[in-house]
Enquirer: 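Please see the structure below; I have some questions.
We count ligands from 1, going down the list as the structure has it; atoms in each ligand are counted the same way.
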Amino acid sequence: MAELDSWEDSVDDEQPAAPAAKAAAPKPMGFSFNPNASTFSFSPGASSFVPVPAAPAPAAPPAVDSVPVEPTTDIPAAEAPAAEPAPSQEIPAPVEAEQHVEAAPTDSVEVTEQAAVKSAPEPKAVEKATEAVKSMSVDPKEKKTKEKPPLETLEDQRDHMNIVFIGHVDAGKSTIGGQILYLTGGVDERTIQKYEKEAKDKNRESWYMAYIMDTNEEERAKGKTVECGRASFETSKKRYTILDAPGHKNYVPNMINGTAQADVGVLVISARKGEFETGFEKGGQTREHAQLAKTLGVAKLVVVVNKMDSVEWEQARFDEVVTKLSPFLKSCGYNVKKDVTFCPISGLTGAGIRDRVTTENAPWYGKESVFEVLDNMDPQDRPHDKPFRMPVLDKFRDMGTIIMGKSEAGIVRRGDNLVIMPNKTPIKVVTVYRDAEEVPHAMPGENIRLRVTGVEEEELSTGFVVCDGEDHCKPGVTVVDAQLAITELLDHKSLFTAGYKAVMHVHTATEEVEVVRLLCQIDPKTKKPKQQKPAFVKQGSLVICRIKVAQSIALEKFEDYPQLGRFTLRDEGKTIAIGKIVGIPEKKKAGDSETS
Ligand code: GTP
Ligand code: MG
């Protein structure tokens with residue numbers, strides 16, 4: 001594995017990652033409600049998973065120019081990259097947009113009375129929305145003013161945090177998520193009893209808590225999360241969104257989707273004998289998840305050492321996990337003292353989650369509970385003053401077009417004129433919702449829904465980016481320069497070279513890519529570029545290369561918007577590299593001579 005602590009990422013130090021948003025599941029997702037969330041929120045994890053290779057076809061982007069690109073200026077090039085053949089000439093024609101199934105918000109999930117009451121639109125709200133849509137159409141002649149009115153004060157001023165549960169299969173992620181909803185009043189006794197019976201009928205008695213998060217049949221029958229579950233809860237200090245990632249290796253793309261939206265990761269480790277070991281060995285998801293989380297912008301980790309009840313709350317076992325994990329987490333780029341907290345818990349009994357573990361259980365611990373750790377984390381330093389960016393996570397039609405996503409930069413307000421990239425579609429914001437609540441504006445880092453005019457739902461795809469109307473992502477990007485850390489190559493493809501094809505996951509987008517050329521290799525020790533241009537590199541290398549994307553894509557340089565400029569490369573279902581975009585080469589005007 002490449003040592004990542006120094007290539008990743010000076011920008012993070014200044015701007016603790018508000019990461020990219022949920023990457024695309026292989027096809028645009030339907031969504032459904034998690035009936036067990038104490039505060040209602042959408043679960044975009046409702047569609048069935050399609051295994052890798054993913055790469056959906058977003059709606060046709062603008063025609064790709066067949067002109068050459070100039071090299072970016074900011075490559076620490078040992079040698080200036082030579083003239084690039086027009087990369088787009090080989091790019092397959094954009095594929096027709098996939099047929100999107102229009103998802104009815106409540107389909108396929110039973111909704112408890114409580115949630116149903118919260119989610120049913122009131123007749124007045126319907127009228128209001130219809131009126132608002134009518135009065136706000138996109139007028140291309142409208143004068144776009146940069147001066148914005150002062151922000152209204154929001155009723156709920158509590159900070160919001162997205163937390164993702166990651167870790168090896170069966171570590172207890174869904175159980176802990178379910179327990180949190182139970183502890184915070186999102187699930188009542190009657191529902192728990194129902195799940196207990198259902199779990200028993202399926203011979204999965206201990207799984208009933210996980211059923212709170214694992215809402216679909218397949219997940220319950222197999223006891224494995226497939227889609228990233230989503231729910232919300234709140235404490236007196238903060239509002240939280242839980243993203244419950246699947247641990248199974250087949251579903252890593254779904255885990256990436258969820259993790260990309262998170263501010264904080266809860267890395268769940270099973271303390272049970274043998275289970276910690278399996279998760280932590282080479283190829284185990286404890287390793288892969290921790291590494292991906294850092295790449296995807298999760299700046300802080302709470303490592304919960306779960307199932308402590310199964311080892312009689314033995315201090316030696318807890319210490320063993322801490323001692324073995326710490327150097328590994330350091331190698332992923334985490335500052336273990338500053339960014340990582342270890343907590344012993346039992347997801348099944350709830351011990352150590354809301355309240356501190358009792359001295360009866362663990363007299364040796366005596367420190368904060370998981371809620372206390374989360375509540376006391378500093379609020380994210382989010383880029384308010386930057387132009388707005390929100391990768392599209394999902395969309396649907398409901399009295400206008402609704403776009404869901406996590407805002408990554410800038411403030412969005414009712415009435416804003418925005419554009420959707422890469423197609424440069426102008427839209428106007430009719431209503432802003434933060435979770436289910438209508439608000440005059442939303443800050444970066446929030447999970448929001450925008451009701452907009454100017455675009456039809458079927459013209460949108462997961463992976464597009466809603467941007468400020470004036471200052472938006474570059475249009476028509478099909479080539480990027482990126483710094484890669486080659487983490488683990490496949491046994492039968494052990495050389496990374498020009499021509500390597502993989503799938504790129506960047507914010508909510510998933511695209512097929514091909515390495516056009518290796519520009520320069522970086523010495524892992526000195527971090528300086530090496531003189532010789534490499535013909536190939538091996539696992540563990542750092543390399544800057546030019547990458548061609550199959551279809552034009554909206555993204556940013558890492559230094560400008562870390563959340564939209566960091567990505568992972570996967571091949572045959574395995575993460576092979578993590579990277580950041582260091583340059584987006586300018587397109588040359590047709591007829592210009594190649595100078596580089
Ligand atoms: P995937 O979604 O498949 O990755 O698994 P997961 O991490 O969500 O695990 P899940 O919550 O489904 O739990 C797996 C098994 O571990 C279930 O049988 C749980 O009852 C059990 N389990 C979870 N937490 C605890 C715990 O604190 N103590 C004990 N004894 N068992 C637990
Ligand atoms: Mg699970």
Enquirer: Residues in ring pair (Phe, Tyr, Trp, His ring centres under 6.0 Å) with Tyr500, at least two apart?
Expert: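 In terms of ring pair (Phe, Tyr, Trp, His ring centres under 6.0 Å), with neighbours along the sequence ignored, Tyr500 is linked to Phe496.
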Enquirer: What atoms of ligand 1 come within less than 4.0 Å of a heavy atom belonging to Lys224?
Expert: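 This gives 3 (O) as the contact atoms.
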Enquirer: Output yes when Glu437 and Arg434 qualify as a salt bridge under the 4.0 Å nitrogen-oxygen rule, no when they do not.
Expert: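 So Glu437 pairs with Arg434 through a salt bridge.
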Enquirer: Give the residue, atom name and distance (to 0.1 Å) of the protein heavy atom nearest atom 5 (O) of ligand 1.
Expert: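 Nearest neighbour among protein heavy atoms for atom 5 (O) of ligand 1, to 0.1 Å: Asp170 N, 3.0 Å.
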Enquirer: Among all protein heavy atoms, pick out the one at the shortest distance from atom 12 (O) of ligand 1; state its residue, atom name and that distance to 0.1 Å.
Expert: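 Ranked first by proximity to atom 12 (O) of ligand 1 is Trp207 NE1, 3.2 Å.
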Enquirer: Return yes or no for this condition: an N or O of Leu348 is under 3.5 Å from an N or O of ligand 1.
Expert: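 Between Leu348 and ligand 1 (N or O atoms, distance only) the closest approach is under 3.5 Å.
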Enquirer: Taking only heavy atoms of Asp309 into account, list the atoms of ligand 1 that are under 4.0 Å away from them.
Expert: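 Answer, ordered by atom number: 26 (C), 27 (O), 28 (N), 29 (C), 30 (N).
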Enquirer: So which heavy atom in the protein is nearest atom 6 (P) of ligand 1, and how far is it from that ligand atom?
Expert: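 The closest one turns out to be Lys173 N, 3.4 Å.
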Enquirer: For the residue pair Asp309 / Thr349, report whether a side-chain donor-acceptor contact shorter than 3.5 Å exists.
Expert: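 Short answer, no.
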Enquirer: Looking only at protein heavy atoms, identify the closest one to atom 2 (O) of ligand 1 and say how far it is in Å.
Expert: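 Atom 2 (O) of ligand 1 sits closest to the protein heavy atom Thr225 OG1, 2.7 Å.
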Enquirer: Return each pair, listed once, that meets salt bridge (charged side-chain N to carboxylate O under 4.0 Å, His left out) where at least one residue sits in residues 359-373; pairs must be two or more places apart or across chains.
Expert: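 Matches after skipping sequence neighbours: Arg356-Glu372.
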Enquirer: For residues 312-323, tabulate all N or O donor-acceptor pairs below 3.5 Å that involve a side-chain atom, not counting sequence neighbours.
Expert:
from, atom 1, to, atom 2, distance (Å)
Arg317, NE, Ala271, O, 2.6
Arg317, NH1, Glu277, OE2, 2.8
Arg317, NH1, Glu320, OE1, 3.1
Arg317, NH2, Ala271, O, 3.2
Arg317, NH2, Arg272, O, 3.1
Arg317, NH2, Glu277, OE1, 3.0
Arg317, NH2, Glu277, OE2, 3.4
Glu320, OE2, Lys324, NZ, 2.9
Thr323, OG1, Asp319, O, 2.5

Enquirer: Which pair of non-hydrogen atoms, one from Thr235 and one from Arg158, has the smallest distance, and what is that distance?
Expert: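 Nearest heavy atoms, Thr235 then Arg158: O-NH1, 2.8 Å.
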Enquirer: Is Arg272 near ligand 1, meaning one of its heavy atoms is under 4.0 Å from it?
Expert: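 It does, in that a heavy atom of Arg272 comes within the 4.0 Å cut-off of ligand 1.
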Enquirer: Under a plain distance cut-off of 3.5 Å, with no hydrogens placed, do Tyr433 and Glu446 share a side-chain donor-acceptor pair?
Expert: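 The criterion, which ignores hydrogens and geometry beyond distance, is not satisfied for Tyr433 and Glu446.
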Enquirer: Can you check side-chain contact (heavy atoms from CB on, under 4.5 Å) on Lys273 and Val311, steps first, answer last?
Expert: CA-CA 8 Å; Lys273 296 270 169 317; Val311 293; 4.1 Å; yes
Enquirer: Provide, to 0.1 Å, the distance between atom 16 (O) of ligand 1 and the closest protein heavy atom, together with that atom's residue and name.
Expert: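 Looking at atom 16 (O) of ligand 1, the protein heavy atom closest to it is Lys307 NZ, 3.0 Å.
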Enquirer: Check Lys224 with Asp214, please: is the shortest side-chain N to carboxylate O separation under 4.0 Å?
Expert: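 Salt bridge flag = no for Lys224 with Asp214.
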Enquirer: Could you enumerate the protein N, O or S atoms under 2.8 Å from the Mg ion (ligand 2), written like residue then atom name?
Expert: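 Checking every protein N, O and S atom gives Ser174 OG, Thr225 OG1.
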Enquirer: For Lys237 and Asn376, does a side-chain donor sit closer than 3.5 Å to a side-chain acceptor?
Expert: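 Looking only at side-chain atoms, Asn376 and Lys237 do form a donor-acceptor pair, the distance falling under 3.5 Å.
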Enquirer: Return the minimal non-hydrogen interatomic distance between Pro344 and Val357, and the atom names on each side.
Expert: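 What the structure gives for the nearest pair is O-CG1, 3.7 Å.
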Enquirer: Number the atoms of ligand 1 from 1 as they appear, then name those within less than 4.0 Å of a heavy atom of Thr175, with their elements.
Expert: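 So the answer, numbered in order with elements, is 10 (P), 11 (O), 13 (O), 19 (C), 23 (C), 24 (N).
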Enquirer: Would you indicate which of Ser206, Gly347, Gly178 comes nearest to atom 18 (O) of ligand 1 when only heavy atoms are counted?
Expert: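 Checking each option, the heavy atom nearest atom 18 (O) of ligand 1 is found in Ser206.
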Enquirer: Would you say Ile345 and ligand 1 have an N/O pair spaced under 3.5 Å apart?
Expert: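 The answer is no, given that Ile345 and ligand 1 share no N or O pair closer than 3.5 Å.
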Enquirer: Is the closest side-chain donor-acceptor distance between Tyr240 and Asp263 under 3.5 Å?
Expert: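 Their side chains do not contain a donor-acceptor pair, so the 3.5 Å distance test is not met.
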Enquirer: Check this for me, if you would: do Arg570 and Glu288 make a salt bridge, where the nitrogen-to-carboxylate-oxygen distance has to be below 4.0 angstrom?
Expert: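 So Arg570 pairs with Glu288 through a salt bridge.
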Enquirer: Please could you name the atoms of ligand 1 that Gly172 approaches to less than 4.0 Å, counting only its heavy atoms?
Expert: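 Close to Gly172: 6 (P), 7 (O), 9 (O), 10 (P), 11 (O), 13 (O), 23 (C).
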Enquirer: At a 4.0 Å threshold, what atoms of ligand 1 neighbour a non-hydrogen atom of Ala210?
Expert: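 Under 4.0 Å from Ala210, ligand 1 has these atoms: 11 (O), 12 (O).
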Enquirer: Grab the two heavy atoms, one from Phe233 and one from Ile163, that are nearest each other, plus how far apart they are.
Expert: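 Of all heavy-atom pairs spanning Phe233 and Ile163, the closest is CE2-CD1, 4.1 Å.
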Enquirer: Does the residue Asn306 have a heavy-atom contact with ligand 1, meaning some pair of atoms that are separated by less than 4.0 Å?
Expert: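 Asn306 counts as a contact of ligand 1 under the 4.0 Å cut-off.
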Enquirer: Purely on distance, is any nitrogen or oxygen of Ala245 under 3.5 Å from one on ligand 1?
Expert: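 Between Ala245 and ligand 1 (N or O atoms, distance only) the closest approach is not under 3.5 Å.
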